[in-house]
Amino acid sequence: MASPKADLSPLTTAIYEHFEASARLIRVALALEWTIFSRFIVGVLLVTLITVIYLLLTMRNARQPLVIWERLNKPIIKLFRPWIFQYLLNNADPYCQSIDLRIATFSRGFCTGFMRDRSRTRNPFRSTHAAALTTFAETIGGLALMSTIKPKDRAILISLRMEYKKKARGLLTASSDFTPPTFDIGTQEIETEVVIKDRMLDTVAIGHFVWMVETKEA
C-alpha cells in the first residue's frame, strides 16, 4: 500500500515535511521550556520552605513581635506572612487560637487585624461573643504596645474595659494607634485603645486597656 506522501507533488511534499519538522521543533522547545520552568518553580518552593522552617525555628521564642513581622517582609515569604506570624503568635499566646485572627498591618505603635466569623466564637444570639471581641481587642492593643518597648522591658495587662456599641456579625476589623510616651526606668501605667468595626465600618466595640510597663532600659 502506497504511503500518503507518494500521491503528493514534490512541492507539496516539501511543504508537508517542513510543517512536520516545525511541529517537532516546537514540541521539543516546549518540553525544554517546561523542564526549565518546572525546575525553577520547584527550586523556588524548596528555598521558600527551607526559609519558612528556619524562621519558625529561630523566631518562635522571640519577644519582639515587630521585629518578627519585619523579618517576614521578604520576597515570596511576604505572601505567607499573615499565616506564619499567626502561628508564632499562637505559640507565644495560646489563647489567641480561640479566635480566627490575622494581622493585616503592623508598625511601631500601630496595628490592625481582622477576625473571621466562626460558629465557635458566637453567642446564643448568633453574633460574636463578647469574650471573643475582648480577646481580639486585647491582642491588637497588646501588639501595638509591645512594638514600642525594648527587648528587656515587660508589659502586663492590669485592667480592661469594653464598650459594646452594637451586635458584632461577620468579618470584623480592629485597629490600635498608640503614641508611646517617654518611658522612664521603673514601672508606669500605660493606656491603649482599640476600635473594632464591622463590614459597614460601624463601630461595634471599643476596648480600653491599662498596662503596667516595667522599663529596664532608658
Residues R120 and D100: closest non-hydrogen pair is NH2-N, 3.9 Å
same_hphob_cluster(V195, M162) at 4.5 Å side-chain heavy-atom cutoff: no
Nearest non-hydrogen partners of R102 and P82, listed with the distance: CD-O, 3.9 Å
Rounded to the nearest 0.5 Å, what's the gap from CD on E214 to NZ on K152? Could you check? 12.5 Å
Might you work through the side-chain hydrogen bond (donor to acceptor under 3.5 Å, both in side chains) test for Y164 and S127, ending with a clear yes or no? CA-CA 12 Å; Y164 301 102; S127 59; over 6 Å; no
Gap separating the OG atom of S159 from the CE atom of M212, nearest 0.5 angstrom: 10.5 Å
So, do I196 and L133 sit near enough that their side-chain heavy atoms are less than 4.5 Å apart? yes
Please test T128 against R122 for side-chain contact (heavy atoms from CB on, under 4.5 Å), starting from the C-alpha separation and ending with a verdict. CA-CA 4 Å; T128 303; R122 293 177 190 160; 5.6 Å; no
State, to 0.1 Å, how close K167 and F125 come at their nearest heavy-atom pair, and which atoms those are. NZ-CB, 4.3 Å
Nearest heavy-atom pair of C96 and Q86: which atoms, and what distance? CB-NE2, 4.3 Å
Report whether L66 and I190 are members of the same hydrophobic cluster (ILVMFWY, side-chain heavy atoms less than 4.5 Å apart, transitive linking). yes
For the residue pair S176 and A144, what are the closest heavy atoms and their distance? OG-CB, 3.7 Å
Qualifying residue, where the test is salt bridge (Lys or Arg N to Asp or Glu O under 4.0 Å) with D202 and the options are K165, K166, K197: K166
E191 vs F209, test: side-chain contact (heavy atoms from CB on, under 4.5 Å). Steps then yes/no. CA-CA 6 Å; E191 296 184 10; F209 302 90; over 6 Å; no
Working to the nearest 0.5 Å, report the span between OG of S147 and CD1 of I68. 12.5 Å
How far apart are the C-alpha atoms of W69 and F85, what are their side-chain angles, what is the distance that settles it, and do they pass the side-chain contact (heavy atoms from CB on, under 4.5 Å) test? CA-CA 7 Å; W69 181 264; F85 188 82; 3.7 Å; yes
Tell me, do E193 and D177 make a side-chain contact under 4.5 Å, heavy atoms counted? no
Hey, could you give me the CE/CG distance between M146 and L143, rounded to the nearest 0.5 Å? 8.5 Å
Sidechain N-carboxylate O distance under 4.0 Å for R169, D117: no
State, yes or no, whether a side-chain contact exists between L101 and L89 at a heavy-atom distance under 4.5 Å. yes
Does some side-chain heavy atom of V194 sit less than 4.5 Å from a side-chain heavy atom of I206? no
Can you check whether F114 reaches L172 side chain to side chain, under 4.5 Å on heavy atoms? no
T112 side chain to T105 main-chain N or O, any donor-acceptor pair under 3.5 Å? yes
Measuring only between side-chain heavy atoms, which start at C-beta, is H129 closer than 4.5 Å to T121? no
Taking atom CD as the centre, does Q97 end up with more than 12 heavy-atom neighbours from other residues, nucleotides or ligands that are less than 6.0 angstrom away? yes
Can you check side-chain contact (heavy atoms from CB on, under 4.5 Å) on Q64 and K150, steps first, answer last? CA-CA 8 Å; Q64 291 183 286; K150 296 182 179 179; 5.8 Å; no
Heavy-atom neighbours of R126 CZ exceed 12 at 6.0 Å: no
Heavy atoms, side chains only, cut-off 4.5 Å: are I156 and W211 in contact? no
Hydrophobic cluster identity match, L145 and L157, side-chain contacts under 4.5 Å: yes
Do you reckon F110 sits in the same ILVMFWY cluster as M115, going by side-chain contacts under 4.5 Å, direct or chained? no
Within the 4.5 Å heavy-atom criterion, are I140 and I103 side-chain neighbours or not? yes
Tell me whether I99 is reachable from L160 by hopping between hydrophobic residues (I, L, V, M, F, W, Y) whose side-chain heavy atoms are closer than 4.5 Å. yes
Can you tell me if CD1 on I158 sees more than 12 non-hydrogen neighbours from other groups inside 6.0 Å? yes
